[in-house]
Amino acid sequence: MMEDKKQPDQQINVELSEEIAEGIYSNLAMIAHSNSEFVIDFIRLMPGVPKAKVKSRIIVTPDHAKRLLAALKDNIEKYEASFGKINAGGSAPTFPISFGTPGEA
């Protein structure tokens with residue numbers, strides 16, 4: 001009989017600088033993709049201001065995008081179990097959003 005050889009869990013030390021730990025507020029995300037990557041732009045949209053700024057851009061592989069989706073789904077389920085259902089009703093902007101010329105964000 002072959003023994004199931006389980007590899008030991010690998011520990012990763014993650015460093016979080018003070019600046020990054022403060023976070024960046026975003027109330028809008030736009031997602032684009034190519035055959036090799038997903039681009040997620042986190043945007044801060046302010047009421048009454050016609051121009052919004054991309055505050056952060058994250059680029060991930062399709063494989064990682066799918067893992068991120070699963071992790072978000074899992075965390076939303078846990079959040080709703082603790083704090084109640086999230087009302088995702090109609091608060092997203094309904095107007096066309098333009099990034100200007102190609103390559104600009």
Side-chain angles (χ1 to χ4, degrees):
M1 244 171 29
M2 288 182 81
E3 268 188 50
D4 220 4
K5 288 189 177 184
K6 192 174 181 181
Q7 296 215 357
D9 289 340
Q10 186 178 16
Q11 186 175 10
I12 299 172
N13 292 320
V14 177
E15 185 178 320
L16 181 63
S17 72
E18 206 172 302
E19 179 185 6
I20 297 297
E22 289 178 14
I24 295 173
Y25 179 76
S26 169
N27 54 5
L28 178 66
M30 296 187 73
I31 303 170
H33 67 276
S34 70
N35 65 332
S36 61
E37 62 195 16
F38 279 75
V39 178
I40 309 166
D41 286 327
F42 292 94
I43 300 162
R44 185 177 307 158
L45 184 64
M46 301 303 287
V49 179
K51 192 173 190 178
K53 283 192 170 184
V54 173
K55 300 310 257 178
S56 183
R57 172 173 277 184
I58 306 297
I59 303 167
V60 298
T61 64
D63 184 55
H64 186 71
K66 197 156 193 177
R67 288 194 308 269
L68 176 61
L69 176 64
L72 278 170
K73 184 180 182 302
D74 180 58
N75 275 267
I76 288 170
E77 288 169 358
K78 289 175 182 173
Y79 175 94
E80 289 182 332
S82 296
F83 303 108
K85 187 163 175 57
I86 298 169
N87 181 8
S91 61
T94 56
F95 50 86
I97 298 173
S98 170
F99 279 108
T101 61
E104 272 188 33

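Keep in mind it's a predicted model, so treat the numbers as computed, not measured.
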Student: Can you sort out the partners of Leu69 under side-chain contact (heavy atoms from CB on, under 4.5 Å), two or more places apart, ordered by chain and number?
Tutor: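 None.
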Student: side-chain contact (heavy atoms from CB on, under 4.5 Å) with Asn75: which residues, sequence neighbours excluded?
Tutor: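 Testing Asn75 for side-chain contact (heavy atoms from CB on, under 4.5 Å), a comparison that skips the adjacent residues, returns none.
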Student: Can you list, by chain and residue number, the hydrophobic cluster partners of Val60 when the side-chain cut-off is 4.5 Å?
Tutor: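 Its cluster mates, by chain and number, are Ile31, Phe38, Ile40, Phe42, Ile58, Leu68, Leu72.
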Student: Show the nearest heavy-atom pair for residues Ala52 and Ile43, with the distance to one decimal.
Tutor: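 What the structure gives for the nearest pair is CB-CG2, 3.6 Å.
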Student: Less than 4.5 Å apart, side chain to side chain, heavy atoms only: is that true for Val14 and Leu16?
Tutor: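 No, side chains not in contact.
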Student: Return each pair, listed once, that meets side-chain hydrogen bond (donor to acceptor under 3.5 Å, both in side chains) where at least one residue sits in residues 46-55; pairs must be two or more places apart or across chains.
Tutor: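 Output for this query is empty, none listed.
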Student: Closer than 3.5 angstrom, by distance alone: can the side chain of Asn27 be matched with the main-chain N or O of Leu45 as a donor-acceptor pair?
Tutor: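 Confirmed, Asn27 side chain pairs with Leu45 backbone.
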Student: Whether the side chain of Arg44 engages the backbone of Tyr25 through a donor-acceptor N/O pair (distance < 3.5 Å, no angle test) should be reported.
Tutor: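 It does hold such a pair.
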Student: Could you list all the salt bridge (Lys or Arg N to Asp or Glu O under 4.0 Å) pairs where at least one residue sits in residues 15-40, not counting sequence neighbours?
Tutor: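 Residue pairs passing salt bridge (Lys or Arg N to Asp or Glu O under 4.0 Å), neighbours aside: none found.
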Student: Does any pair with a residue in residues 68-77 pass salt bridge (Lys or Arg N to Asp or Glu O under 4.0 Å), and if so which ones, sequence neighbours excluded?
Tutor: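 Applying salt bridge (Lys or Arg N to Asp or Glu O under 4.0 Å) to every pair that reaches into residues 68-77, excluding sequence neighbours, yields Lys73-Glu77, Asp74-Lys78.
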Student: For Ile24 and Ser56, work out which heavy atoms get closest and say how close.
Tutor: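 Residues Ile24 and Ser56, closest heavy atoms: CD1-CB, 4.3 Å.
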Student: Indicate the atoms forming the closest heavy-atom contact of Ser36 with Pro62, along with that distance.
Tutor: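 Closest approach of Ser36 to Pro62: O-CD, 3.3 Å.
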